[in-house]
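Both backbone and side-chain heavy atoms feed into the values below; hydrogens, waters and symmetry mates do not.
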Amino acid sequence: MSGEDLYAKVMELAKRRGFFWPSYEIYGGVAGFYDFGPLGSLLKQKIINKWRRFIVRNHSNYVVEIETPIIGPSKVYEASGHVENFTDPIVTCLKCGRKFRADHLIEEKLGIDAEGLSPEEMTRIIREHGLRCPVCGGELGEVKLFNLLFPTQIGPYEGNKGYIRPELAQGMFVAFKRVLETMRGRLPLGIAQIGRVGRNEISPRQAMMRLREFTIMEMEYFIDPEDEEGSCPFYGRVKKETLRVRPYKAKEAGEPPREYTVEEAVDAGIIIHKCMAYWMVIGKRFLESLGVPPENMYFEEKGPHERAHYSSQTFDQMVKVARWGWVEVAGYSYRGDYDLSRHMKYSGQDLTVFKPYEKPRTVKVRKVILDRAVIGRTFKSEAKKILEEASKLPEEKLEAMASGKEEPIIAGKRIPREAFRIVEKEVKITGRKIVPHVVEPSFGTDRIVYVAFEYAYREKAGRTILSLPRDIAPIEAGVVPLVEKDEKLREKARQLYEILVEAGYHVVYDESGSIGRRYARLDEIGVPAVFTIDYQTLEDGTVTMRDRDTWRQVRLPLEETPAALRRFLYEAADITELGIPVEGTGEE
RNA sequence: GCGGCCGUCGUCUAGCCUGGACUAGGACGCCGGCCUUCCAAGCCGGCGAUCCCGGGUUCAAAUCCCGGCGGCCGCACCA
């Protein structure tokens, strides 16, 4: 089957059976938005819960999940750099309509550094130098700003601008201090969040691959930049594992991705931090558990110009899909201290973490101070101003004045020599304040749902089977009576249905059409196991359990079904371990 | 946003070039009935389409023309 065909079939199934479809269809649709239907939203929930298990629960000593608002005040996104960097100056050719980055065009054609210029200034430069469209030679219009942030207004006052978050990260950075406090001030600390974000893409395409509103699963992993070892206590567990990586240099040289052991990639500096490598391994395992084979996945490093403004290294986790080839499903960025530093600056809050030394250190500190008594006596009412000015001067400057290397003039007054005092004292330092660095794995949920769905698509004997990993199947089990007519079978089947629902499963009961048709219907929506009530059930209380993927059946006592289902769904049990095989069932 | 191709029941599609007998046909699915003791059997009946939206040309538009919206591909864009 070609990629085109597979994509078409997958989308057809998705729409027909209610997994997902384009939003606002009755009004003609709006590009970049998708609905999840009944089965799709269940599937998405299961994938999200699996992510929780991989990222949060398996690291619950270090990683916690929070939830923060979708709308944020302007200030937050000024601090994060999105207001500035998420905005592109765009100029449109009046003739052919092509759009160009105005600053890039000016720099490229005229050699003028246009970064940070206003749109008016750029328009003026374009007019003065007679710049024209580089493609068709047409006249260029005015430079306009285009920002990918969705703007909104908070409350009734127009000045109170807000934005829909373009990523989850700022929620974690802004709440960092309080979360750190509740986690008793220790690093490393991972703060995870799952939620919707909005990016006003210029022209979204590729179905669910590029949306204007989508769900991200993200974690900010805060670490002490000087303690790589302590930051990644789990590193030892994964260092022998392999990752397929394509470093930026290899990409430039046109080389394909290569397999590295984690240790190798870290030691060679290909991955700049152990924590990056660790979370990449977790991400790899996560996608594998959703049905993506290792050979259809690799990590691609982004080049300096392709990276976001905050990142010093970024890897994209790429997965192969039928129609578009390699698509990015997750990103791993080393954000350094960029965000916390910016928020410290913009908010004026101290977001540092205190790291105690193992033993307090004593250091001798030499300090130049002004004798308040002398200053006061000498300058009377001027004294306050002088002391104020003096406190702003750097230590070296005071030192120079005290030692006579520089004229001792402060606030326009000559300070008498005896006002300078040099004190030496011992100070006990119990630790240091650090601005944590951040490693950020970030997953595009909707793309991942699509990927899992596509990889599950199978055709067998003219039928469609949605062979989802059992633990993410939206409906966990089916219950069917062998024939529709027989009231005794139906009653027994409804009983079993109740038992399974009571045990916490998501079950469908289906009695319409022939038995084969029902199996087919359930295969198509990926139900891993179907229990059938037949005439033997009425005699000995056993039912058959059918495996979606092999069509093999086993027979087991009705009351054992909840436990068997558990083993089947979550412990990867083979169907044949769960009961007595039924003769003549299985693949044709 | 430009250029190319495209838009018809839930889904896939016929019809469009050459306007009228189209009350828009079929298949699959779905619903009801009959039948049915393990893999989409069969029979009967039913529901289901403002032919993407708006305008124009014409006695007459699913069909021709214009504009918009949406989809895919290429260019640009994708922090």
Side-chain angles (χ1 to χ4, degrees), chain A residues 4 7-9 11-18 21-33 37 77 80-88 90-101 104-105 133-136 138 141 146-149 166-167 169 197 199-207 209-212 302 305-311 314 323-324 328 331 333 460-465 480-486 489 512-524 530 532-538 544 546 548 551-553 555 582-588:
Chain A
E4 289 287 300
Y7 169 78
K9 286 177 173 179
M11 287 309 289
E12 187 266 329
L13 178 63
K15 275 200 241 174
R16 191 162 46 78
R17 299 311 302 263
W21 56 74
S23 301
Y24 307 112
E25 278 184 311
I26 67 163
Y27 289 106
V30 182
F33 299 91
Y77 293 100
S80 72
H82 284 93
V83 170
E84 185 189 343
N85 293 296
F86 223 39
T87 308
D88 296 339
I90 284 181
V91 65
T92 309
C93 170
L94 299 175
K95 195 173 152 204
C96 71
R98 286 193 173 80
K99 285 188 186 288
F100 305 94
R101 277 287 292 269
H104 291 180
L105 198 65
C133 171
V135 176
C136 78
F146 184 80
N147 195 306
L148 265 54
L149 291 171
E167 57 171 15
V197 301
R199 298 178 187 181
N200 205 0
E201 297 281 353
I202 296 168
S203 89
R205 259 201 222 138
Q206 303 180 320
M209 294 298 131
R210 238 172 98 201
L211 297 172
R212 287 189 166 122
K302 290 216 161 189
H305 301 293
E306 304 164 328
R307 286 198 294 261
H309 57 273
Y310 48 70
S311 164
T314 297
R323 181 143 197 171
W324 299 291
E328 175 197 344
S333 289
K460 184 161 86 179
R463 291 199 199 166
T464 303
I465 322 276
V480 299
L482 185 58
V483 284
E484 194 181 347
K485 280 269 76 137
D486 197 301
L489 293 184
S512 101
S514 71
I515 184 75
R517 183 191 230 43
R518 283 176 257 159
Y519 286 148
R521 265 203 292 257
L522 295 168
D523 282 347
E524 198 179 48
V530 179
T532 305
I533 304 296
D534 57 15
Y535 287 99
Q536 197 177 325
T537 311
L538 302 178
T544 65
R546 171 187 179 272
R548 171 196 69 199
W551 296 354
R552 217 164 279 151
Q553 292 183 30
R555 189 163 272 285
V582 176
E583 296 280 325
T585 62
E587 325 247 2
E588 346 256 87

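Residue A:Tyr27 places no side-chain atom within donor-acceptor reach of the base of B:C53, judged by atom type and a 3.5 Å distance cut-off alone. Looking at A:Arg205, its side chain has no donor and acceptor atom pair within 3.5 Å of the base of B:G70. Within 3.5 Å, a donor on the side chain of A:Gln553 pairs with an acceptor on the base of B:C38, or the reverse. Between the side chain of A:Arg546 and the base of B:C39 there is at least one donor-acceptor pair of N/O atoms closer than 3.5 Å. Between the base of B:C77 and the side chain of A:Arg210 there is a donor-acceptor pair shorter than 3.5 Å.
Residue contacts for A:Trp324: at a heavy-atom cut-off of 4.0 Å it reaches the sugar-phosphate backbone alone, with no base atom in range. The residue A:Thr314 sits apart from the nucleic acid: no heavy atom pair falls under 4.0 Å. No contact: A:Ser311 has no heavy atom under 4.0 Å from any strand.
Within the model, atoms CZ of A:Arg463 and CH2 of A:Trp551 stand 4.0 Å from one another, a figure rounded to the nearest 0.5 Å. Atom-to-atom distance recorded for A:Arg210:CZ and A:Arg205:CZ is 8.0 Å, nearest 0.5 angstrom. A distance of 3.5 Å separates CZ in A:Arg555 from CD in A:Gln536, rounded to the nearest 0.5 Å. Expressed to the nearest 0.5 Å, how far OG1 of A:Thr464 lies from CD of A:Glu12 amounts to 7.5 Å.
Following rounding to the nearest Å, A:Met209 (CE) and B:C77 (P) show an atom-to-atom distance of 22 Å. Between the OH atom of A:Tyr7 and the C1' atom of B:G71 there is a distance of 8 Å, given to the nearest Å. A straight line from CG of A:Leu522 to C1' of B:G29 spans 15 Å, rounded to a whole angstrom. Atom P of nucleotide B:G70 and atom CE of A:Met11 are separated by 17 Å, given to the nearest angstrom. At whole-Å resolution of the value, CZ in A:Arg17 and C1' in B:C12 are 15 Å apart. Rounded to an integer number of Å, the gap from CD of A:Gln206 to C1' of B:G70 is 16 Å. In this structure, A:Lys15 atom NZ and B:G70 atom C1' are separated by 11 Å, rounded to whole Å. Atom CG in A:Asn200 sits roughly 17 Å away from atom P in B:C77 (whole-Å rounding).
When both pairing distances are held under 3.5 Å, B:C35 makes no Watson-Crick or G-U pair with any nucleotide shown. B:G3 and B:C73 make up a base pair, with Watson-Crick or G-U wobble contacts both under 3.5 Å. B:C17 is unpaired under the Watson-Crick or G-U wobble criterion, no partner having all donor-acceptor distances under 3.5 Å.
For the residue pair A:Ser80/A:Tyr310, the side-chain donor-acceptor check at 3.5 Å is not satisfied. If you check the side chains of A:Ser512 and A:Arg521, you find a donor sitting under 3.5 Å from an acceptor.
Rounded to a whole angstrom, the distance from the C1' atom of B:G29 to that of B:G67 is 37 Å. Only the P atoms considered, B:G15 is 16 Å distant from B:C9, to the nearest whole Å. B:G48 and B:C66 have their P atoms separated by 36 Å, with the value rounded to a whole Å.
With A:Asp523 as the partner, the salt bridge (charged side-chain N to carboxylate O under 4.0 Å, His left out) test is satisfied by one option alone out of A:Arg518, A:Lys460, A:Arg546: A:Arg546. Each of A:Pro204, A:Pro22, A:Ser23 was compared with A:Phe33 under the side-chain contact (heavy atoms from CB on, under 4.5 Å) criterion, and only A:Ser23 meets it.
For A:Thr464, taking side-chain heavy atoms from C-beta onward, the closest of the listed nucleotides B:C39, B:A40, B:C72 is B:A40.
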Exercise. For every nucleotide of nucleotides 31-37 of chain B, 5' to 3': is a protein heavy atom under 4.0 Å from its base (B), only from its sugar-phosphate (S), or from neither (-)?
Worked result: ---SBBB
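Taking only side-chain nitrogens and oxygens, A:Arg517 comes nearer than 4.0 Å to OP1 or OP2 of B:G29.
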